[in-house]
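Reviewing the structure listed below.
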Amino acid sequence: MDKTYEPHSIEQQCYQRWENDGLFKAKVSGDPAQQPYCILLPPPNVTGSLHMGHGFQQTIMDVLTRYHRMKGDNTLWQVGTDHAGIATQMVVERQLNALGKTRHDLGREAFVEKIWEWKEHSGGTITSQMRRMGASSDWDREVFTMDENLSKAVTEVFVKLHEDGLIYRGKRLVNWDPVLHTAVSDLEVLNEEEAGHMWHMRYPLADGSGSIVVATTRPETMLGDTAVAVHPDDERYQAYIGKQIKLPITGRLIPIIADDYVDPEFGTGCVKITPAHDFNDYDMGKRHNLPMINIFTPDAKVNDEAPEAYRGLDRFDARKAIVEQLEQDGVLVKIDDHKLKVPRGDRTGAVIEPYLTDQWYVAIEELAKPAIEAVESGEIRFVPENWSKTYYQWMHNIQDWCISRQLWWGHRIPAWYDDNGNIYVGRDEAEVRSKNGLDDSVALRQDEDVLDTWFSSALWPFATMGWPEKTPELETYLPSAVLVTGFDIIFFWVARMIMMTKRFTGKIPFKDIYITGLIRDESGDKMSKSKGNVLDPIDLIDGIDLESLVAKRTSGMMQPQLAAKIEKRTRKQFPDGIHAYGTDALRFTFAAMASTSRDINFDMGRVEGYRNFCNKIWNASRFVLMNTETEDTGRDGGELVLSLADRWIWAQFQQTLGEFEKAISEYRFDIAAQTVYEFTWNQFCDWYLELTKPVLNNDEATDAEKRGTRHTLINVLENLLRLLHPLMPFITETIWERVAPLSALNVKDGDSIMVQPFPTADAAKQDEQVLADIEWVKRFIVGIRNIRGEMDIAPSKPLSVLLRNASEEDERRLGISRTFIDRLARLEGITFLAKGEEAPASAAALVGEMEILIPMAGLIDKDAELARIAKAMEKIEKDAARTKGKLTNEKFVSNAPEDVIEKERAKLADAESQLAKLSAQRETIAAL
RNA sequence: GCGUCUAUAGCUCAGUUGGUUAGAGCGCUACCUUGACAUGGUAGAGGUCGCCUGUUCGAAUCAGGCUAGACGCACCA
């Protein structure tokens with residue numbers, strides 16, 4: 001093995017081999033005894049690139065996939081990409097705009113062709129980045145939401161829902177994005193509070209008998225007012241109800257109506273009603289049969305319904321003009337500052353206009369019911385559990401889903417119109433004609449609109465498995481085991497998958513929903529291009545120099561004026577750019593940070609720490625190989641005598657394995673990572689490897705003993721690599737190829753760790769006695785190191801120690817561990833003191849009741865030792881006082897459970913005994 | 001308005017059903033080139049667990065309140 005760990009030199013070739021050898025492939029009709037285990041990848045935007053959130057979630061999915069594959073399950077990680085209607089269309093449209101063209105210049109067909117080209121061009125980015133992350137997904141089954149099969153499923157679902165009366169077309173007020181010229185769903189509208197104004201304007205009564213004042217945040221909509229409303233019980237306005245208003249500017253006559261909806265306390269208690277441009281007004285308009293006057297064009301300019309002076313004005317210019325006119329007319333009473341929620345499109349940021357159009361809707365209630373029940377019954381489980389509350393809250397108040405989009409990129413709605421305004425829905429035009437008896441003389445044209453992207457994503461769990469055909473995949477992999485995703489798409493995607501899958505397969509789509517937190521930057525800010533704090537997972541893997549990083553962060557910005565600030569910040573945070581940490585370190589970091597809390601502040605220090613961990617594994621493996629590669633490891637027989645340390649590390653490994661598997665089963669990847677980290681570094685490297693040296697370098701050790709230790713070294717490492725593999729696939733594969741042939745495993749050339757069985761627990765290797773014995777050994781060694789450290793005795797200086805008050809058990813333990821202790825504590829002599837035997841002045845360490853004495857002569861400073869003793873005593877005294885307090889508390893003794901009291905008593909006794917020894921020690925030293 | 005979450009060491013975070021001496025990594029201090037590893041080793045410093053009240057023999061942990069922050073949903077024109 002190379003002397004230094006260099007991730008980039010090992011990762012690429014591993015992955016290529018795995019993929020070429022077909023190791024990711026699901027065996028759909030595998031051994032029926034195998035448990036199916038399936039994970040669905042939330043399909044990323046086909047033209048997108050990998051961000052930290054993807055890297056994080058995909059790491060978790062891959063850990064689970066690799067783990068279950070090694071456990072012997074029939075495992076499938078289903079991948080695919082999403083056509084992402086709006087996002088993708090916008091990208092290509094922007095490219096056209098840069099050339100001074102619009103999509104309308106090209107026409108629909110050519111434009112869609114352009115998008116397909118763009119998809120071919122940049123469609124591979126994210127999937128190749130997934131490969132860099134080590135994703136072991138079945139690429140042979142990769143699908144795209146606009147593939148023929150998926151499109152077929154989309155049409156099928158649409159037609160069936162329509163047949164069942166759950167899809168309908170209607171003219172309603174929708175959220176209209178005037179930049180994109182399309183309707184969007186409620187979920188795609190973000191309401192942010194912004195500073196605005198409240199205009200108070202006086203509307204005169206038509207009969208000239210007076211006027212009332214209305215307050216509005218959108219004065220320009222007065223062009224479409226069709227009523228003024230007051231509360232029916234509002235005494236101020238009783239006389240006005242039923243009268244007519246003469247609307248300023250337009251001169252139209254509109255009624256004053258009474259409606260409970262009006263809050264008399266707010267504003268003036270009089271509300272202008274614009275049914276065609278406000279959702280509440282729309283409802284009121286329907287209640288009172290008011291006319292609905294649409295005053296805007298699709299790009300939110302004033303249309304021909306308005307007086308000529310305003311036609312063609314943008315809504316915000318129209319606002320200015322109207323306010324000006326009202327002021328001139330003397331009907332503008334006042335303007336107050338006012339904070340209001342402004343609805344904006346999540347893609348464009350444009351102010352959304354409520355707009356009357358014909359759209360397709362899914363009647364959602366009937367679909368929602370079984371989807372709610374699936375979670376209530378526990379059939380589907382949210383992890384962490386509290387997300388189910390969020391789910392219920394939305395599902396219980398769910399509104400019909402507007403699924404049509406006035407875009408060109410997406411699944412065309414399977415509806416046709418004849419010249420008489422009849423609508424026919426069918427799988428294709430031929431079916432529509434035959435079903436409805438329409439011959440070729442009837443001209444039909446297909447609906448121009450496409451479906452919301454999320455409509456097709458909602459079918460993901462079954463459409464990817466070949467539905468509507470009855471396939472073995474559907475049989476085997478539905479429901480999938482777990483969905484790993486972010487809370488931001490619970491409504492967009494998760495809920496809709498549950499609804500659609502229940503409806504069309506009768507099954508749930510997945511059993512568990514593991515909701516991950518959001519990856520934020522180190523100070524808790526959301527990563528965004530405009531903040532300039534975005535990290536690219538690939539840059540953490542390969543590294544990036546400062547200049548390239550600055551260039552990357554400041555290029556293609558929407559707000560170029562921020563570039564200087566971002567550059568400064570970047571140069572400060574990464575003066576040397578970003579080091580190459582490798583995929584395994586990054587994956588381990590993601591796993592270690594995946595705790596139950598909601599968001600994750602990404603800390604570069606952790607990646608570096610886990611890169612060091614990789615390095616540790618690398619070097620420990622080099623040590624093991626160095627001692628085994630050209631030696632007898634007992635592979636071909638030969639007697640094995642295991643040392644205390646050998647038996648201990650096996651016992652430790654059993655514990656670690658158990659804790660790891662428990663953590664994985666509970667989706668506690670942080671605990672899983674921490675467990676293996678602790679074992680590998682603090683047990684295997686820090687102790688076990690050191691404990692093998694006294695055996696391997698001991699001329700007096702027998703061949704069987706050396707063979708036993710070498711056998712343990714290589715086999716514990718081999719098992720450890722398999723344990724680590726789901727988390728860090730590349731380094732484990734690379735080392736394993738060298739290690740496995742020396743281990744007890746029967747491997748052939750070219751075998752891969754990723755299809756080996758996961759380590760299994762071996763009860764015979766669990767050994768409480770051995771664990772306790774090594775604990776004692778560690779305390780012995782640490783006690784001496786402690787004194788060395790604090791007394792400034794060089795680690796290289798051999799010491800002779802005396803043991804006082806040793807029990808038979810202490811003697812037994814020393815007997816079996818003498819060589820370990822001599823070497824690790826660097827001792828040249830150990831002498832037992834007989835009872836009552838005088839000891840020279842010494843520094844002392846306690847191991848239980850036994851005292852380890854290091855004679856001070858020439859080594860130890862009197863004052864330093866007194867200080868050390870005082871410090872130790874102070875600590876114990878403080879603790880003992882607390883324990884004593886508890887035990888003298890009558891209520892504690894009578895109420896606490898017996899074992900807790902017993903524990904406290906033992907603790908106190910222990911503390912008192914230690915104090916007695918320390919104080920005797922102090923007297924001896926002080927007397928010198 | 002309804003709902004969810006967070007507050008623990010200088011920093012980023014763990015802390016399972018109340019019972020330890022409250023942990024880890026990074027950073028910090030001292031010492032160490034000991035034949036796997038300085039991307040390392042050994043030893044150490046550092047915390048009134050946001051604040052208050054309560055429940056309890058016992059609270060970082062449970063309850064109530066407060067403060068600060070994050071988020072979701074619905075909203076008053």
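Just so we're on the same page: letters track the sequence lines, and every chain starts at 1.
The distance from atom CH2 of A/Trp387 to atom C1' of B/rU4 is 7 Å, rounded to the nearest whole Å. Taking atom CZ on A/Arg611 and atom C1' on B/rU39, their separation rounds to 5 Å, with Å as the unit. In this entry the distance linking CG of A/Asp260 with P of B/rA77 reads 19 Å, nearest Å. Atom CD1 of A/Ile489 is separated from atom P of B/rG72 by 15 Å (rounded to the nearest Å). Between A/Tyr261 atom OH and B/rA74 atom C1' the separation is 13 Å, expressed in whole Å. We find that CG of A/Asp603 is positioned 14 Å from P of B/rG25, with the value rounded to whole Å. The separation between A/Arg788 atom CZ and B/rC32 atom P is 14 Å, rounded to whole Å. Atom OH in A/Tyr677 sits roughly 18 Å away from atom P in B/rG23 (whole-Å rounding).
Only the P atoms considered, B/rG27 is 9 Å distant from B/rG40, to the nearest whole Å. Between B/rG15 and B/rG54, the distance separating the two P atoms is 29 Å to the nearest Å. Across B/rG19 and B/rU4, the matching P atoms stand 26 Å from one another, rounded to whole Å. Straight-line distance between the C1' atoms of B/rA22 and B/rC49: roughly 8 Å, to the nearest whole Å.
A/Asp259 has a carboxylate O that lies under 4.0 Å from a charged side-chain N of A/Arg287, or vice versa, which qualifies the two as a salt bridge.
A/Lys389 comes within contact range of the sugar-phosphate backbone alone, with a heavy-atom separation under 4.0 Å but no base atom that close.
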